[in-house]
Amino acid sequence: MNATDVELVMWEGSVRELPYEKQVEAASHAGFSGLALTPMAFQTAIDFHGTAGTRRLAEQAGLTLHLDTATGWAPIRVPTGADDYQKARFDVNADDCFALIDALSLRSVLAVAVFDHGAVPEADLVQGFGEFADRAAERSVPVNLEFMPFWGVPDLAAAWSIVEKANRPGTGLMLDTWHFAHSGADLELLSRIPDEVPIHLQLADGTMAPAGADLITATMHTRRPPGQGSLEILGVISAVTHRSPRITAGPEVFSDDLDRLDAKQIGEILGASTREVLFETPGGFPGAVTAPTESPTDN
């Protein structure tokens with residue numbers, strides 16, 4: 001696999017404090033070709049720019065759009081004690097997700113489990129994921145499942161078990177390097193997943209955080225750009241370089257420090273750090289690295 005097999009995507013966590021047009025600018029300034037946002041963020045963009053305007057801004061910047069955080073595949077969409085913000089961000093049913101996919105021609109969907117660990121039997125998760133993937137397949141949209149150590153699909157083993165048992169074409173796994181490090185970093189299992197299963201990458205660095213509520217707080221506030229922390233993310237990247245499917249990869253850096261920066265600054269930092277860990281270090285993806293492009297708003 002070389003650099004041409006990797007689509008660079010900016011994930012919403014890295015640009016969460018910016019309005020939609022600035023999120024587009026940050027992704028474009030980084031030289032990325034994709035932007036992934038939550039249903040809540042897309043709806044806010046549509047409310048302000050309209051559906052056509054939301055699509056047009058991305059198209060003018062040369063960006064494909066992806067859906068981040070689909071919870072409607074599971075029978076429970078929010079954790080116990082969810083506050084108003086969590087409900088607005090996560091409590092979105094499958095019909096509303098597919099309405100966004102259709103309206104904005106979204107290119108992929110990230111399925112996440114935002115319910116308490118053990119609250120849903122695995123058999124129900126396998127069924128729900130398979131049915132959700134079937135609906136996405138009708139639109140030729142791939143679905144990838146992400147794990148997070150503090151919620152209902154806590155590690156790579158749990159996510160792979162669901163994807164494997166659902167056995168639907170066009171499904172894969174999303175490996176967030178922060179979550180992988182905090183859920184046991186099972187590189188041996190990663191090496192055993194069949195090559196034909198896409199394993200996409202969300203890149204974030206930092207330091208190991210304590211478990212429990214403190215881990216959630218650290219997850220949402222203290223991540224670092226890839227290559228600027230002490231997590232073993234290069235080993236993860238190396239483990240997927242031999243794989244055959246085309247993948248997406250890009251930063252998901254929830255960071256109070258990034259939140260204080262403007263779109264160009266975020267784009268410059270994350271464009272450079274993402275390329276460095278993916279393409280310019282031993283074990284990364286081989287191939288030429290293109291420089292970040294200028295944002296259309298610069299002209």
Side-chain angles (χ1 to χ4, degrees), residues 11-13 36 38-40 66-101 106 108-139 141-176 178-186 189-190 193 197-200 202 211-217 219-220 252 254:
W11 290 86
E12 183 184 322
T38 62
M40 181 174 70
H66 305 258
L67 188 63
D68 176 10
T69 313
T71 62
W73 64 279
I76 301 174
R77 297 194 291 266
V78 294
T80 300
D83 57 25
D84 290 342
Y85 171 79
Q86 288 176 320
K87 290 176 182 177
R89 179 181 172 89
F90 297 128
D91 196 6
V92 181
N93 64 44
D95 289 342
D96 289 342
C97 283
F98 285 110
L100 282 172
I101 291 169
L106 303 183
S108 72
V109 181
L110 179 62
V112 299
V114 190
F115 50 82
D116 298 336
H117 183 246
V120 182
E122 186 192 53
D124 293 346
L125 297 177
V126 171
Q127 179 178 346
F129 183 77
E131 292 173 351
F132 189 87
D134 288 342
R135 292 184 66 179
E138 295 171 359
R139 299 160 167 83
V141 174
V143 180
N144 305 301
L145 180 61
E146 181 181 8
F147 57 92
M148 293 178 279
F150 34 75
W151 280 327
V153 180
D155 53 29
L156 178 62
W160 169 231
S161 182
I162 292 167
V163 171
E164 181 180 33
K165 291 174 181 176
N167 192 28
R168 295 304 203 276
T171 58
L173 295 162
M174 177 62 73
L175 193 157
D176 180 315
W178 172 275
H179 294 319
F180 188 65
H182 287 88
S183 61
D186 193 345
L189 172 59
L190 181 59
I193 295 173
V197 178
I199 298 180
H200 305 268
Q202 290 177 334
D214 288 340
L215 173 56
I216 296 177
T217 300
T219 297
M220 298 303 295
E252 187 179 51
F254 290 90

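Everything quoted here is computed from the prediction, not taken from an experiment.
The list of salt bridge (Lys or Arg N to Asp or Glu O under 4.0 Å) pairs with a residue in residues 155-174, not counting sequence neighbours, reads E122-K165, D134-R168.
Here the closest heavy-atom approach between residue Q86 and residue G81 is recorded as OE1-O, 4.3 Å. The minimum heavy-atom distance linking A166 with V126 is given by the pair N-CG1, 3.6 Å. When all heavy atoms of V109 and A70 are compared, the pair lying nearest together is CG1-CB, 3.6 Å. Scanning all heavy atoms of the two residues, the minimum distance from S183 to P154 falls at CB-O, 3.4 Å. The shortest non-hydrogen separation linking L110 to M174 is CD1-CB, 3.4 Å.
Taking the side chain as every heavy atom from C-beta outward, D176 and W11 never approach each other to under 4.5 Å. Residues F98 and L67 are not in side-chain contact: their nearest non-hydrogen atoms beyond the backbone lie 4.5 Å or more apart. Side-chain contact between I193 and V163 is absent, with no heavy-atom pair separated by less than 4.5 Å.
The aromatic ring centroids of F115 and F90 lie 6.0 Å or more from each other.
In this structure, T71 OG1 and N93 CG are separated by 8.5 Å, a value rounded to the nearest 0.5 Å. Here L175 contributes atom CG and I199 contributes atom CD1; the two are 7.0 Å apart, rounded to the nearest 0.5 Å. Atom OG1 of T219 is separated from atom CZ of F254 by 9.0 Å, given to the nearest 0.5 angstrom. In this structure, L156 CG and D186 CG are separated by 6.5 Å, a value rounded to the nearest 0.5 Å. To the nearest 0.5 angstrom, F129 atom CZ is 11.0 Å from N167 atom CG. A distance of 13.5 Å separates CH2 of W178 from CD of Q202, quoted to the nearest 0.5 Å.
Partner of R77 under the side chain to side chain contact (heavy atoms under 4.5 Å, CB included) criterion, out of D91, V92, V112: D91 alone.
Salt bridge D95/R135: present, at least one basic N to carboxylate O contact under 4.0 Å.
Counting non-hydrogen atoms of other residues, nucleotides and ligands closer than 6.0 Å to CG of D84 gives a total of 12 or fewer.
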Which donor-acceptor pairs under 3.5 Å do the side chains of residues 141-153 make with protein atoms, sequence neighbours left out?
residue	atom	partner	partner atom	Å
N144	OD1	G172	N	3.4
N144	OD1	H200	NE2	3.3

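Counting only distance, with no hydrogens or angles, the side chain of E131 and the backbone of G128 share no donor-acceptor pair below 3.5 Å.
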